[in-house]
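Below, read A as the first sequence line, B as the second, and so on, with proteins coming before strands; counting in each chain starts at 1. Values in this document were obtained by computation on a predicted structure and should not be read as measured data.
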2 protein chains.
Amino acid sequence: MARDTKAAILDVAQDLIQTRGANAISYRHISERVQIRKASLHYHFPTKAHLLEAVLARYCGTFLCLVDDILGSNEPAARKLRRYIGLFDAALRAEAGAKICLCGMLGAELASLESPAVAQIQRFYRQNAERVARILEAGRETGDLRFAGEAKSLGLLLFSLLEGAMLVARADGGSKRFRRVAEQFLLLVRP
Amino acid sequence: MARDTKAAILDVAQDLIQTRGANAISYRHISERVQIRKASLHYHFPTKAHLLEAVLARYCGTFLCLVDDILGSNEPAARKLRRYIGLFDAALRAEAGAKICLCGMLGAELASLESPAVAQIQRFYRQNAERVARILEAGRETGDLRFAGEAKSLGLLLFSLLEGAMLVARADGGSKRFRRVAEQFLLLVRP
DNA sequence: GTCTATAGCGCGATAGAC
DNA sequence: GTCTATCGCGCTATAGAC
């Protein structure tokens, strides 16, 4: 069915972009993994820009839903942060091979992307930083966390840290090193 | 002179890679900025891999020297950290256009690079994390800084944070937002 | 050292049969 | 929806004149 093929293409494209980057993959790479010919991909996604936008939209939507699940739960702030960190760690641990956040990868490639994609990436960054800030602020109010400064700054800090730590840990140390850095962050904000 | 041409090529290539990424640039892009024909570039750097390795080697060497200058100075730890942060901020502030750390960009593109480059990037990460850890440990001993956990973990944390914050801030907020995140980090480790 | 010219390839995208 | 075939382009790299 069309819908399955479309989803399969998105799956493979997303995986390849998270691993190698949008500028390092081609319709041929995708067609070799989805059982379909290169030209047929254009039926589902006329141009590479269309495909990229679809991958981005799906990823951002799914990811933000997972984050909102965490926000809506009744858990201590430290537990929420660990679950949030786990969302990123999952990509590093992927059995298919270490990946980084889709929007981290595309953030690096930002200057070679078209503006709708750039706007989506900016929105992803803002939404994440803002949600992390909410967890932090709530944790500070309950006394579950302690830190100086504004929750908004610290939210952006943690989000930036996770994006950077994925990048660095993928090159050296993997998920284990990533989790070590994340735990070190938690040490800094525990009372 | 040959040496000037070579250096000019390296300058332009480095700038383009920090802005757009190694996978998004070509010999043509470089030749348009250096006053030389596309084919002539191959005289200085036979292949793209050679060029990339030369850019990397020069960047890592220069950057580590600047870091070691900071380490060797007689300043309080917080001041050393601010100077270290300034090394990254300089790329974001570049008048030619916002850039990220060369090794941050290449870390994203890691899966599409050849192994000598990968090894150089890993080394850059380790050397930076280790030097930051030394600043942090010394600062803790003098009472200039206060933090829980191991200096080694926190060194990797700060380095990862700066790489991630460059990426995120380039997309949204620029140098100003980057410095805000860096100052928030300092708040967390001040006594 | 730098040039012009070009080989050879992979790419994104389209046309048209089925 | 998927196929085969192909166009036209930009790329890395090389050959050979100057």
Charged N to carboxylate O below 4.0 Å: is that the case for A:Arg82 and A:Glu183?
-> yes
Take the protein atom [atom1] of [X] and the nucleotide atom [atom2] of [N], then report the distance between them rounded to whole Å.
X       : N      : atom1 : atom2 : value
B:Ile36 : C:dT2  : CD1   : P     : 4 Å
A:Asn23 : C:dG10 : CG    : P     : 19 Å
B:His29 : D:dG10 : NE2   : C1'   : 9 Å
B:Ile9  : C:dT2  : CD1   : P     : 7 Å
A:Leu51 : C:dC11 : CG    : C1'   : 15 Å
A:Tyr43 : D:dG1  : OH    : C1'   : 6 Å
A:Leu41 : C:dT14 : CG    : C1'   : 14 Å

For A:Asp15, what residues pass the side chain to side chain donor-acceptor pair (under 3.5 Å) criterion, not counting sequence neighbours?
-> A:Arg33, A:Lys99
All side chain to side chain donor-acceptor pair (under 3.5 Å) counterparts of A:Ser31, not counting sequence neighbours | none
At under 4.0 Å between heavy atoms, what does A:His50 touch on the DNA or RNA strands: base, sugar-phosphate, or nothing?
-> nothing
Answer with base, sugar-phosphate or nothing: what part of the nucleic acid does A:Ile25 contact at a heavy-atom distance below 4.0 Å?
-> sugar-phosphate
If you look only at pairs with a residue in [range], which of them pass as a ring pair (Phe, Tyr, Trp, His ring centres under 6.0 Å), with sequence neighbours excluded?
range                       : value
residues 17-36 of chain B   : B:Tyr27-B:His42
residues 157-191 of chain B : B:Tyr125-B:Phe159
residues 60-109 of chain A  : A:Tyr59-A:Phe63, A:Phe63-A:Phe88, A:Phe63-A:Phe124, A:Tyr84-A:Phe88

Does any N or O in the side chain of A:Arg177 come within less than 3.5 Å of the main-chain N or O of A:Ala165, such that one atom is a donor and the other an acceptor?
-> no
Would you indicate, yes or no, if [N] has its OP1 or OP2 atom less than 4.0 angstrom from a side-chain nitrogen or oxygen of [X]?
X       : N      : value
B:Thr5  : C:dG1  : no
A:Ser26 : C:dC11 : yes
B:Ser40 : C:dG1  : no
B:His44 : C:dT2  : yes

Counting primed atoms, P, OP1 and OP2 as sugar-phosphate and everything else as base, the B/S/- map of nucleotides 13-18 of chain D against protein heavy atoms under 4.0 Å is BB----
